[in-house]
There are 2 protein chains.
Amino acid sequence: MARTHGSHSDITGPRVREAALALFARHGYAAVSMRRIATEVGLQAGALYNYTPDKQSLLFDLMKQHMDTLLQALEAQPQPSQPVRALETFTRFHIRFHAERPEAVFISYMELRNLEAANFEVIEGLRRRYEDHLADILRRGVTSGVFGVSEPRIAAMALIAMLTGVNTWFRPEGRLSLPEVEEVYWPMVRKAVAA
Amino acid sequence: MARTHGSHSDITGPRVREAALALFARHGYAAVSMRRIATEVGLQAGALYNYTPDKQSLLFDLMKQHMDTLLQALEAQPQPSQPVRALETFTRFHIRFHAERPEAVFISYMELRNLEAANFEVIEGLRRRYEDHLADILRRGVTSGVFGVSEPRIAAMALIAMLTGVNTWFRPEGRLSLPEVEEVYWPMVRKAVAA
DNA sequence: CTTTGATCTGAACATACGTTCAGTTAAATC
DNA sequence: GATTTAACTGAACGTATGTTCAGATCAAAG
């Protein structure tokens, strides 16, 4: 097998994606050049094409990976049968998962319009699956009488928007810890959909 | 005074801003060139510099104008002394105002990172004033015992994030009218901060 | 009917873009 | 120690960028 000038394919590949993630999040996809990503990793621009067919794929792969990780982590959560407990699990999970990877979250919400049509469809489909999970919890709660929402699907999007908003102000070194943030948001979520 | 080739400064100026608004919203600030804006208006790129000193000012002016209009419209609203009524007024106002100008809202949330530092400060200050208005309503309600929120400032940001989320799915030709949307969100807002 | 001056064109400026590729480098294999 | 080949360089490709500006245009003013 072949070797490198101080780093491996196994090492450089992830480093390229990490640099792209950080730069796309900070400056936006369109504002970041391949040369800038390469400089961050210590390469010439041409070398990036050993790791991605093109710039668009770099963006899509980051977003796809984020959504896959999200759905996988969601399914790994306990799924209480009581709707209120299921909602609490979802709320705390969403806050934690998103607060832990602000760059990927930022990109996934901001760069949708820079995806080519086919790539956009894929990401939208994954996002919808995530929303459906919450909408189903709400519907079960409505059926059993513990929740009172007239439009479960819209309520799901409203709650997700509220919870993702944490990322606009939360800083790990800030006044509130993540568990404390959960204690601020969970009562609001619970009451918002209460019967 | 001077005249034009079929259009005026008074007419071309607004058209430039309208074109920039639409294009920035659709493709993003960094992805839209001055030539593209010019083409949309029927000009050569150089002529745009009769209406803006540079591209950055074009973005900043759009965002500043949006925030000014927002704060002015907010202050023109009735300000009920009862916190619950004040919250309802705010909620319905926010939904309506934002749903009516999706492009300006989109830009104001997505292009913050493309503002130069000094311009960013200005927009952030205006946004904070808007958030403070809602936080004050919540604080008054906590004092009078009708609201039960542990962190009024965070609760304000949470509610605003939830309400602005309407823009991600609402379409005027969709199933729900704007008044119907208000009837879905207002109960959630009211209950979320209830004592 | 000449003058005026705001408005706009068209070309140019230096710089940057995404992508390709022939050729160099050097670690691993035999 | 010769061979192999993945990893990378450096230059080039055509095209695009934001901005400037001398000069053309033409409605209104005198």
Side-chain angles (χ1 to χ4, degrees), chain A residues 1-21 23-24 26-63 107 111 113-119, chain B residues 1-21 23-24 26-63 107 111 113-119:
Chain A
M1 297 303 151
R3 299 307 10 294
T4 142
H5 295 179
S7 69
H8 238 178
S9 179
D10 303 348
I11 294 176
T12 308
R15 285 190 64 206
V16 168
R17 280 188 289 278
E18 283 162 27
L21 186 78
L23 289 170
F24 288 167
R26 182 138 44 232
H27 306 286
Y29 173 75
V32 173
S33 68
M34 294 299 270
R35 282 173 181 79
R36 192 150 172 197
I37 298 169
T39 300
E40 196 75 11
V41 184
L43 296 177
Q44 295 296 318
L48 296 181
Y49 292 82
N50 289 319
Y51 304 101
T52 181
D54 49 35
K55 192 186 176 191
Q56 167 75 199
S57 300
L58 203 46
L59 174 63
F60 174 67
D61 288 348
L62 290 172
M63 295 178 68
I107 291 173
E111 303 296 356
R113 63 182 166 195
N114 285 310
L115 287 178
E116 291 165 6
N119 292 340
Chain B
M1 296 303 151
R3 299 304 14 294
T4 140
H5 294 179
S7 70
H8 236 178
S9 179
D10 302 348
I11 294 177
T12 308
R15 287 190 62 207
V16 168
R17 280 188 289 277
E18 283 163 27
L21 186 77
L23 289 170
F24 288 167
R26 182 139 42 233
H27 307 286
Y29 173 75
V32 173
S33 69
M34 294 299 271
R35 281 171 181 80
R36 190 150 174 197
I37 297 169
T39 299
E40 195 76 9
V41 183
L43 296 176
Q44 295 296 318
L48 296 180
Y49 291 83
N50 289 319
Y51 304 100
T52 181
D54 48 35
K55 194 187 176 190
Q56 168 74 198
S57 300
L58 203 46
L59 175 62
F60 175 67
D61 288 348
L62 290 173
M63 293 179 68
I107 290 173
E111 304 295 356
R113 63 183 165 192
N114 286 309
L115 288 178
E116 290 163 7
N119 291 340

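A quick note: this is a predicted structure, and the numbers were derived from the prediction, not measured.
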B:L43 CG to D:dT25 C1', straight-line distance once rounded to whole Å: 14 Å
Pairwise 5' ranking along DNA chain D for B:Y49 and A:A45, keeping only the more 5' one: A:A45
Nearest to side-chain heavy atoms of B:R35, which nucleotide of C:dC8, D:dT19, D:dA12: D:dT19
Contact under 4.0 Å: A:S33 side-chain N or O vs C:dA16 OP1/OP2: no
Phosphate OP1/OP2 of C:dT7 contacted by B:T12 side-chain N/O (<4.0 Å): no
Closest listed nucleotide, where the reference is the side chain of B:N50 and the choices are C:dG18, C:dT7, D:dC8: C:dT7
Full working for side-chain contact (heavy atoms from CB on, under 4.5 Å) between A:R15 and A:L43: CA-CA 11 Å; A:R15 285 190 64 206; A:L43 296 177; over 6 Å; no
Touch class at under 4.0 angstrom, heavy-atom based, for A:V32 against every strand present: sugar-phosphate
Side-chain N or O of A:Y51 closer than 4.0 Å to phosphate OP1/OP2 of D:dC8: yes
Along DNA chain C (nearest heavy atom to each residue), the more 5'-positioned of B:G42 and A:A47: B:G42
Nucleotide of C:dG10, C:dG18, D:dT19 approaching B:Q44 most closely (side-chain heavy atoms): C:dG10
Nearest-Å distance for atom pair NZ/C1', residues B:K55 and C:dT15: 15 Å
Shortest non-hydrogen separation from A:K55 to A:Y29 and the atoms involved: NZ-O, 3.0 Å
From CZ (B:R17) to CD1 (B:I37), nearest 0.5 Å: 12.5 Å
Candidate pair A:L59 and A:I107, rule side-chain contact (heavy atoms from CB on, under 4.5 Å), full reasoning: CA-CA 9 Å; A:L59 174 63; A:I107 291 173; 3.8 Å; yes
